[in-house]
Every structure is written in structure tokens, then in C-alpha cells.
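Scroll down for the structure; my scribbles are underneath it.
When a ligand or atom number is given, it counts from 1 through the structure's own listing order. These numbers were taken from a predicted model, which means no experiment stands behind them.
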Amino acid sequence: MSHAVQGLAGLDAETLGMTLDAIREFADQNLQHDRLLELDRTHEFPEETVRSMCSELGVQLLFIPEAYGGMGASAFDVYRVCELMASIDLAVATGVFATFLGSDPILFGGTEEQKARWLGAIAEKGLLMAYGATEPEAGSDLGALRTTATPVTEGGAIVGYKINGAKMWISNGGYADLYSVLALAPGGPTWFVLEKGAPGFGHGIPEDKHGIRASNTAALSFEDVFAPAADVVGLVEGQGLVQAQLVFGYTRLMVAAFGLGAGWAALERAIRYSTTRIQAGGPLSQKQGYTHKLIVPHACRLEAGRAYIEETATRIDLGEGTLNTEGAIAKYLSTEAGNAAADAAIQAHGGYGYVREYMVEKIRRDVRITTIYEGTSEIMEMTIARDRWQAHLKTRGRHYHDEAEALEALHAASPTVGAGIAAAAMHALAELLERARVQRLTRHQHVLFRLGELIARVEGAGALARRADAALGGTLSQKAGGRLDAQGLAAASRVNAREAAATVASEGLRWAIGADGVPPGEREAFERALGVAALRDAQAGLVEDMDWVAAAVYAGVEA
Ligand SMILES: Cc1cc2nc3c(=O)[nH]c(=O)nc-3n(C[C@H](O)[C@H](O)[C@H](O)COP(=O)(O)OP(=O)(O)OC[C@H]3O[C@@H](n4cnc5c(N)ncnc54)[C@H](O)[C@@H]3O)c2cc1C
């Protein structure tokens with residue numbers, strides 16, 4: 001049974017806490033502010049530091065099951081580690097993440113013998129790995145890959161494969177010891193594990209990137225590189241895309257955690273800065289026009305991303321399956337929120353934000369990658385919309401009405417967490433999807449993608465309401481992250497639910513009418529079906545709730 005569906009308890013809260021502390025301590029000693037800026041400036045991969053994170057600190061042990069010498073961390077643990085690593089430095093985090101990612105095809109698709117061999121070696125020797133899927137002509141559409149694996153036979157039996165082709169944008173591409181490489185065998189796309197230095201296997205010079213400049217990204221080339229038959233992951237051809245799909249729920253959660261960690265890291269800097277920067281007679285932190293634009297909305301959106309990550313990680317760990325769509329929603333919400341937060345953090349620093357010394361400028365460039373790698377935001381929109389569209393059709397339009405009713409029940413029991421507003425947004429979403437079905441609006445790809453965005457926002461609002469309720473009731477996991485107190489989280493949830501409600505009302509109308517799906521005579525009735533008046537009225541109290549969130553964000557930070 002694969003790691004994904006087994007159910008995973010992971011580390012206990014104390015061990016997770018100690019692991020996070022050890023990473024913080026390592027960063028204090030090895031990845032100080034000035035060094036990080038210098039690595040960024042010189043575009044240098046800190047190979048020794050990344051390797052000692054593996055050999056001394058043992059970060060790679062987290063994702064390797066105990067049976068192969070690792071610690072068997074859960075998806076939840078890995079999210080907390082990824083969030084922390086990204087808050088320190090996203091380039092270094094990417095170097096470590098590439099090993100996580102590179103070993104995933106083995107973890108999810110390898111035979112017992114292969115897991116013992118390769119995962120055991122990663123655990124024991126702290127090897128670096130790379131994940132070679134993307135090609136010059138095959139990015140979002142991996143099915144278009146052109147790297148080939150041609151069988152080499154002896155006496156009629158396949159003894160190995162000759163690999164030919166190229167990979168592009170491979171993290172750790174110039175430094176890894178082991179590479180998972182996706183190539184087209186006669187039976188279909190297949191993962192192979194190759195070792196550094198194999199004859200015919202080369203890599204390009206490091207890409208000169210916009211951000212995560214201290215990570216190494218390189219092209220790979222293969223000229224008749226021989227891979228023994230024993231190095232086919234799972235020993236069966238044609239499983240590559242299935243195996244890649246199996247890991248997406250899990251790996252997208254990691255990148256979601258990157259967006260969350262980097263976004264909060266930038267926002268924290270802005271929050272601290274605003275308590276000391278005096279303009280017009282007082283600190284910026286006390287100016288509502290500043291906090292309610294540059295800080296509060298971002299804290300709310302990031303926490304919605306966190307709520308979605310935590311729910312999805314918990315469900316993966318309970319063995320509910322690969323949860324690819326949920327991973328996509330978590331990634332979309334958290335990485336878009338992380339980008340927006342980092343951008344606002346530059347604005348929040350004024351001119352100081354625009355220079356390198358204050359770090360937010362670097363975080364802004366670094367976090368940009370999170371909406372691109374492991375599937376772009378547009379591919380996330382498509383994945384989300386297609387899956388939930390099926391749910392809408394299969395339930396004859398009930399899917400989001402049912403979800404809304406569950407939130408209404410939560411609202412009855414816990415009236416301060418924004419669940420009622422999230423429920424109204426969900427009913428509206430159900431009506432919007434129904435209109436899209438009747439008028440065949442998803443034949444417009446853009447409308448389908450916009451639905452993906454609305455679905456993510458509304459589901460995020462539901463997740464944050466549930467999380468705020470758990471925080472108020474004292475039932476949040478001991479391993480949960482985040483720094484807002486329960487009341488602050490409830491206020492953040494109310495703000496976030498209002499935003500989802502306003503967006504679904506305005507954007508829903510916009511695209512349904514924009515795609516000629518609502519004739520003039522039906523517009524009022526359609527607005528009533530969406531509940532536009534209720535979604536509008538739900539905005540009452542918004543500014544006061546933003547005041548609450550600001551108070552919670554600044555609690556304990558005030559200079
Ligand atoms: C720094 C960095 C590190 C990376 N690390 C790795 C790694 O370690 N291993 C690895 O295998 N890959 C890695 N990648 C590759 C990354 O996953 C791809 O760049 C990404 O999946 C997008 O593919 P692409 O670049 O070919 O863009 P394309 O797929 O060509 O997309 C270009 C644009 O078109 C949009 N688009 C694509 N398809 C559609 C569609 N059907 N409908 C509408 N719009 C669409 C996209 O959203 C995007 O906006 C890395 C990339 C970078 C930049």
C-alpha cells in the first residue's frame with residue numbers, strides 16, 4: 001500500500017517542536033540575514049549548507065518512512081517544516097524540497113527493494129536528489145514529453161534502457177547525487193533513477209533567475225544514458241504519469257506551505273517595521289489606511305490558505321487518498337496570498353522596501369516561483385474547476401448546497417466564525433455552477449478557470465471558519481501553526497468570508513453575464529438566485545472586524 005493511502009500518525013507534537021527548533025538554530029548559525037542577501041546577490045548555491053542540513057540536521061529523514069531509516073513524518077509535519085524553511089529562505093528550502101520531490105516517485109511507486117536501496121541511501125548518507133519531469137517542450141502538459149527510454153535486450157530479455165533527450169528547469173540539477181527522470185518507454189511514461197556521472201548524462205549551467213537565486217536550477221541532457229532494468233521505478237513501464245499524479249496532493253501542499261511561510265515572513269517584517277516608522281505624528285501601525293490595506297487582508301488570506309493546508313494534510317494523514325484537488329486549492333490559495341502579501345510588504349516599507357537590505361524585496365522575488373512550479377496557478381484553476389464541476393454534475397447541483405448546509409449548522413453552533421457568510425457564498429456558488437451548466441458556459445475556458453478561482457476562495461472561507469471554530473473550542477491540533485489568537489482568527493475568518501462572498505457575487509455575475517449566460521430579462525431573477533442582496537448585506541461590520549484583526553496581528557509586537 002502506498003504512503004499516501006496508508007494513514008500516517010507522523011511525529012508527536014514534542015518531536016515536531018524539537019525539529020522546528022533545531023532548524024531555527026541551524027538557520028541562526030548558518031543562514032543569517034547578510035549571508036542570505038549575499039547568496040542572492042552572487043547567485044550562489046550554498047551546497048555545503050544544504051548538504052549539512054541533510055547530513056547533520058537530517059531534514060531528509062522527515063519524509064522517509066521509519067522502515068527505511070527515516071522519521072516517517074506526516075504530511076502535517078512536512079507542512080510545518082516547509083513553512084518554516086520558506087520563512088527562512090525559499091532558495092535553500094527549494095534545494096531541500098528537490099530531494100523530497102525527487103524521492104517521491106520511489107516512495108509512492110517503488111518496490112520494497114527499491115525503497116530500501118534508495119530511500120535507505122538518502123537517509124543514511126544525506127544524498128541530494130533532483131526531480132526531472134519538465135522538458136523544453138513539456139511543462140504543464142507533461143504528456144508531451146519527448147525524452148525516450150529505448151529497451152536494451154539480451155537474449156530476448158530487457159536488461160536496461162538507453163535514455164535520450166533533455167530536461168529543463170531542474171532544481172538541484174547541477175548538484176544532485178540521484179535523479180528521478182521521467183522518460184517515454186514503449187509502455188508509456190516511466191520513472192527511472194539515475195546516478196550523477198552516468199556516461200552520457202550532463203547538465204547545463206545554472207539558470208540566472210528572477211528569485212530563489214541561491215537555489216540551483218539547470219537543464220539536464222541524456223545521450224544514450226544506460227539505466228539497468230532494475231532502476232525502473234516500480235519495475236513496470238508506463239506508470240510514470242500515474243505515479244506523478246499520486247504525489248501531487250502531497251507535494252502541492254509543500255509548495256502551499258512555501259507560499260504561506262514566505263508570505264508571512266514578508267508580512268512579519270512589515271508589521272514590525274510599521275511599529276517603529278513614525279509618519280504624521282504616529283507609528284504606521286496605528287494608521288488604519290495603512291494596516292487595513294497592506295497588512296490585514298493579507299493576514300486573513302494567508303490564514304485561509306493555512307486552514308486549507310491543515311485540513312488537507314490531516315485528511316491525507318488519515319488515509320483519505322491523494323487529494324490532488326485539495327492540494328491544488330491549498331497551493332492556489334496560499335501561493336497567491338503569499339505573493340500578494342510579499343508585494344504589500346514592499347509597499348508597507350515605502351522606499352526602504354525597494355532596496356535589497358530590507359529583505360522584503362528578495363522575498364517578493366523568491367515567492368514568485370510558488371505560483372509557477374509544481375503546477376502553475378492557471379493549471380490549479382483548471383484542476384479545481386474540472387473536479388468540482390464533476391461533483392456538481394454527479395450530485396445534480398447539490399454539492400455546494402450540501403456543503404453550505406454543513407456550514408449553516410456550524411454557524412448555529414458557533415455564530416462568530418463567519419460560517420454563515422461562507423455558507424451564503426457556497427449557495428451562490430452552487431447557483432452559479434448550475435447557471436454555467438444550463439447555459440454551457442464552461443465551453444469558454446476562461447469562465448471555467450474563473451470558476452476555479454471562486455471555488456478555491458469559497459472553500460477557503462469554509463476551511464477558515466472551521467479552523468476558527470476549532471481554535472475557539474480549544475480543539476486545534478497541538479501541531480497547528482499560526483500566530484493569531486482564537487478571537488483574532490474568528491475575526492479573520494469573518495473578514496475572509498465576506499471577501500469570498502463579495503467576490504462570488506460580483507465575479508459570478510460578471511462572468512455569467514459576460515459569457516452571455518444571463519439574458520437581460522433573467523438578470524434580476526439570477527441575482528436573487530445567487531442571493532446577491534444577502535452577500536451584500538453580509539458586508540456590514542467589515543471595518544470593525546478588520547480593526548479586530550489588526551489588534552490581533554499587532555498583539556505583542558507593538559514597540
Ligand atoms: C526555478 C524553477 C525550478 C523548477 N524546478 C523543477 C524541478 O525540480 N523539476 C521539474 O520537473 N520541473 C521544475 N520546474 C518546472 C516547472 O514545474 C514548470 O516551469 C511549470 O510546470 C510550468 O511549465 P512551463 O514552464 O513549461 O510553462 P507552460 O506550461 O508553457 O506555461 C506557460 C503559461 O501558460 C499557462 N498554461 C499552460 N497550459 C495551459 C492550458 N492548458 N490552458 C491555459 N493556460 C495554460 C501556464 O499557466 C503559464 O502561465 C521548475 C521551474 C522553475 C522556474
In sequence, state the C-alpha distance, the side-chain angles, and the governing distance for Lys125 and Asp177, and then conclude on salt bridge (charged side-chain N to carboxylate O under 4.0 Å, His left out). CA-CA 10 Å; Lys125 300 178 194 154; Asp177 307 298; over 6 Å; no
Relative to the ring of Tyr131, is the ring of Trp191 parallel (under 30°), tilted (30 to 60°) or perpendicular (over 60°)? tilted
Relative to the ring of Tyr373, is the ring of Phe258 parallel (under 30°), tilted (30 to 60°) or perpendicular (over 60°)? tilted
Would you please test Tyr354 and Arg364 for side-chain contact (heavy atoms from CB on, under 4.5 Å) and show each step? CA-CA 10 Å; Tyr354 201 62; Arg364 177 68 191 98; over 6 Å; no
Aromatic plane relationship, Phe97 with Phe100 - under 30° parallel, 30 to 60° tilted, over 60° perpendicular: tilted
Within 6.0 angstrom of Glu38 CD, more than 12 heavy atoms from elsewhere: yes
At a heavy-atom distance under 4.0 Å, which protein residues reach ligand 1? Sort them by chain and number, would you? Tyr131, Ala133, Thr134, Gly139, Ser140, Trp169, Ile170, Ser171, Lys209, Ile212, Thr217, Ile369, Ile372, Tyr373, Glu374, Thr376, Glu378, Ile379, Gln445, Phe449
